[in-house]
Amino acid sequence: MLRIYNTMTRRIEEFKPLKGNRVYMYVCGPTVYDYSHIGHARTYIAYDVIARYLRERGYSVFYLMNITDVDDKIIRRAGERGVNPIELAREYERYFMEDMDALGIQSVNLYARASEYIDEIVDLIKVLIDKGFAYETETGVYFDTSRFKDYGKLSHKRPEELLVHRIEPDPTKKNPADFALWKKRDKDEIGWDSPWGYGRPGWHIEDTAIILTHFGPQIDIHGGAIELTFPHHEAEIAQAEAATGKKPFVRYWCHTGLLTVGGEKMSKSLGNYILIRDIVKKHDPEALRLMFLFSHYRSPIDFKWSSLESSNSSLNSLYNMVERLREVEADEELSEEEKKLEDYYENFKKNFYSYLDDDLDTPRAVAELFKLASTINKILDSQERLYALLKFKLLSEIERISKIFGILEKKPTIEAGLLESVLEILIDVRGKLRIKGEFELADQIRDRLREIGIILEDIGYQTRWKLRR
RNA sequence: GCCCGGGUGGCCGAGCGGCUAGGCGGCGGGCUGCAGACCCGCUCUACAGGGGUUCAAAUCCCCUCCCGGGCUCCA
């Protein structure tokens, strides 16, 4: 039985989708006005693993993510650069996709751009006004939080707490807690026509419109980082439930812990802003994934380069084990030791999946994986061969795990550039043999290379190579 | 100020009433022409501090200290 923590109830609950084994899953995507940083990586890797696990568990998951391409920050940045905001958004969206690819995140079924849902957003706002949950002022259309009794239920805030605000509220609002559905703007800014005049959507409405369009009034999982709980997700509940009348809008609210660098939230002014693209240049993305798996998705993580390096070593040791297992010769006899390993393996499976079932407890599952690795290494140390069926079982299990975690997915391949370097080393060593007069060995190298299609030609003590046609 | 999370061994990080988590690093040993990988052992009875509850507390309760997040920009 799969159980998952629900921010709404603050409890771990049994996971039961609305419609059989179909899972509607939505995660708040990025605002594309800058390169993505490791905080994004943390969040999206966490949901990638959740989606992968649900699928491995037999659920048919539709994973939907929005791309916020209409937003104040985008407009400001575009203004600074003198470019069109949508063009700027497309550019950073492309970088975002590249980063997701680099991190091995392919689990999202559909990315939805806010700008392509303006009609749906306008329709949704109309419904909210008609039902008396929203009102128009000279600056925009606002959601009337006093009309929605449940406002605050997700973030567990009392109504009086909602009156506290850091930013000066728009004076036309009835209540400081009310939030914008439509912002009226001048024609010189990017925007769209609406029944309330030219302008653009508020921050929270796009997600609700996209969800209602693709999934309808109720979904199974809605995710995002913990910082989005209030006001963003609170507002989404208000918009959706007020508009459709169906409760709950979301069956399981998931929130991932925040990532800090040097104990503080990343910011450019602090100089602790680490981009995904800078990490993957120097480090194995799988090491980053493993680093995140070492802690629970809801726990905060303080990023340290030393942790990433430590995870890289851990990853290497797992790869070594897998390689040894792949290469060991199979036989048909089951030894006493192998019997024990088989029992251990059955036990491992039980533990491993029960930990993942328990609110995706990857730290404990990963711990089990390392114990398994150590057990496999021991047996590979103690005997030359491995019982064929056992070898097969272990390898297929590891493959399944690698699919869930998105690690150990690289097959050892040599790309062309590397192959050339290897050839150069070989030619260099052969040259040294010739200088020493060890022609027999040098000729052997030349002959064996010729057999596989590589021709060596000596010109004095220089050697060049070409491929046989 | 109010509301949430946290503070665990050299480092990272689980556990959340009794049952050796795990990883990384270091040291010693085994294996090895050398290196690497791997195995064994040690570092490792650690849980911010102070009270309390309990047969039993890192885990529950109270107080204090420190850190992070939210309180309409945020993954």
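A, B, ... follow the sequence lines: proteins, then strands. Residue 1 opens every chain.
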> Closest heavy-atom contact between A/R326 and A/K391?
Replying inline: O-NZ, 3.0 Å
> Expressed in angstrom and rounded to an integer, what is the separation of A/F370 atom CZ from B/G13 atom C1'?
Replying inline: 12 Å
> Please walk me through it: do A/S335 and A/Y387 pass side-chain contact (heavy atoms from CB on, under 4.5 Å)?
Replying inline: CA-CA 8 Å; A/S335 72; A/Y387 181 53; over 6 Å; no
> Using the P atom in both, what is the distance from B/C11 to B/C44, to the nearest Å?
Replying inline: 11 Å
> At their closest point, which heavy atom of A/A78 faces which heavy atom of A/L88, and how far apart are they?
Replying inline: N-CD2, 4.0 Å
> Nearest to the side chain of A/R364 - B/C73, B/C71, B/A14?
Replying inline: B/A14
> When the P atoms of B/A21 and B/C16 are considered, how many whole Å apart are they?
Replying inline: 12 Å
>> In this structure, how many angstroms lie between the C1' atom of B/G25 and the NZ atom of A/K304, rounded?
In response: 15 Å
>> Distance check, C1' atoms only: B/A58 and B/U20, in whole angstrom units.
In response: 16 Å
> Counting any heavy atom closer than 4.0 Å, what does A/S317 reach on the DNA or RNA strands: base, sugar-phosphate only, or nothing?
Replying inline: sugar-phosphate
> With rounding to whole Å, what would you report as the distance between B/U8 and B/C55 at their C1' atoms?
Replying inline: 26 Å
>> Partner lookup for B/G22, please. Criteria are Watson-Crick or G-U wobble with both distances under 3.5 angstrom; report none if nothing qualifies.
In response: B/C12
>> Under 4.0 Å, heavy atoms only, any strand: does A/S299 hit a base, just the sugar-phosphate, or nothing?
In response: sugar-phosphate
> Do NZ/NE/NH1/NH2 and the carboxylate oxygens of A/K184 and A/E136 come within less than 4.0 Å?
Replying inline: yes
>> If you assign each of A/I301 and A/A367 to its closest nucleotide in RNA chain B, which residue comes earlier from the 5' end?
In response: A/I301
> Picking from B/A21, B/A75, B/G69, which would you name as closest to the side chain of A/I226?
Replying inline: B/G69
>> Taking pairing as Watson-Crick or G-U wobble with both contacts under 3.5 Å, can you name the mate of B/A58, or confirm there isn't one?
In response: none
>> What's A/R298 touching, base or sugar-phosphate or nothing? Going by heavy atoms closer than 4.0 Å.
In response: nothing
>> Once you apply a heavy-atom cut-off of 4.0 Å, does A/T31 come out as touching a base, just sugar-phosphate, or nothing?
In response: sugar-phosphate
> Paired with B/G5: which nucleotide, if any, by Watson-Crick or G-U wobble criteria at under 3.5 Å for both distances?
Replying inline: B/C67
> How do A/A373 and A/S306 order along RNA chain B: which one's closest nucleotide is nearer the 5' end?
Replying inline: A/S306
>> Nearest to the side chain of A/L258, heavy atoms from C-beta on, is which of B/G70, B/A37, B/A75?
In response: B/A75
> Reckon A/H37 touches a base, only the sugar-phosphate, or nothing at all at heavy-atom distances under 4.0 Å?
Replying inline: base
> OP1, OP2 of B/G22 versus side-chain N and O of A/K371: anything below 4.0 Å?
Replying inline: no
> What's the closest nucleotide to the A/D381 side chain, out of B/A14, B/C38, B/A75?
Replying inline: B/C38
>> What's the closest nucleotide to the side chain of A/E227 if the choices are B/G69, B/C38, B/G13?
In response: B/G69
> Separation of A/R42 atom CZ from B/C12 atom C1', in whole Å?
Replying inline: 14 Å
> Heavy-atom count around A/R385 CZ within 6.0 Å, excluding the residue itself: above 12?
Replying inline: no
>> Which label fits A/H222 and A/H233: parallel for a plane angle under 30°, tilted from 30 to 60°, or perpendicular past 60°?
In response: perpendicular
> Rounding to the closest angstrom, what is the interatomic distance between B/G23 and B/C42 at atom P?
Replying inline: 14 Å
> Can you check the A/D302 CG to B/G13 P distance for me, whole Å?
Replying inline: 7 Å
>> Rounded to whole Å, how long is the line connecting atom CG of A/L259 with atom P of B/G13?
In response: 10 Å
>> I'd like the P distance from B/G6 over to B/G15, given in whole Å.
In response: 10 Å
>> Once you apply a heavy-atom cut-off of 4.0 Å, does A/D361 come out as touching a base, just sugar-phosphate, or nothing?
In response: sugar-phosphate
> Pick one: which of A/Y95, A/Y44, A/Y273, A/F96 meets ring-ring contact (aromatic ring centres under 6.0 Å, His included) with A/H37?
Replying inline: A/Y273
>> Does A/L228 reach a base, just sugar-phosphate, or nothing at all? Heavy atoms under 4.0 Å.
In response: sugar-phosphate
> Considering only B/C24, B/A75, B/G13, which nucleotide approaches the side chain of A/S314 most closely?
Replying inline: B/C24
> If you check every side-chain atom of A/S310, which of B/A14, B/C24, B/G68 has the closest atom?
Replying inline: B/C24
>> Could you tell me how far B/A56 sits from B/C19 if I compare only their C1' atoms? Round to whole Å.
In response: 13 Å
> To the nearest angstrom, how far is A/L103 atom CG from B/A75 atom P?
Replying inline: 16 Å
>> Using atom C1' in both nucleotides, what's the gap between B/G30 and B/G22 to the nearest angstrom?
In response: 24 Å
>> If you only use heavy atoms from C-beta on, which nucleotide in B/G68, B/G70, B/C73 is closest to the side chain of A/K73?
In response: B/C73
>> Nearest to the side chain of A/N377, heavy atoms from C-beta on, is which of B/C39, B/G23, B/G5?
In response: B/C39
> Taking the inter-plane angle between the rings of A/F148 and A/F143 on a 0 to 90° scale, is it parallel (under 30°), tilted (30 to 60°) or perpendicular (over 60°)?
Replying inline: perpendicular
> Nearest-Å distance, NE2 (A/H40) to P (B/C73)?
Replying inline: 16 Å
> Reckon A/S313 has a side-chain N or O less than 4.0 Å from the OP1 or OP2 of B/G25?
Replying inline: yes
> Which one is paired to B/C38, where only Watson-Crick or G-U wobble pairs with both distances under 3.5 angstrom count?
Replying inline: B/G30
> Rounded to whole angstrom units, what separation is found between the CD atom of A/Q383 and the P atom of B/C31?
Replying inline: 20 Å
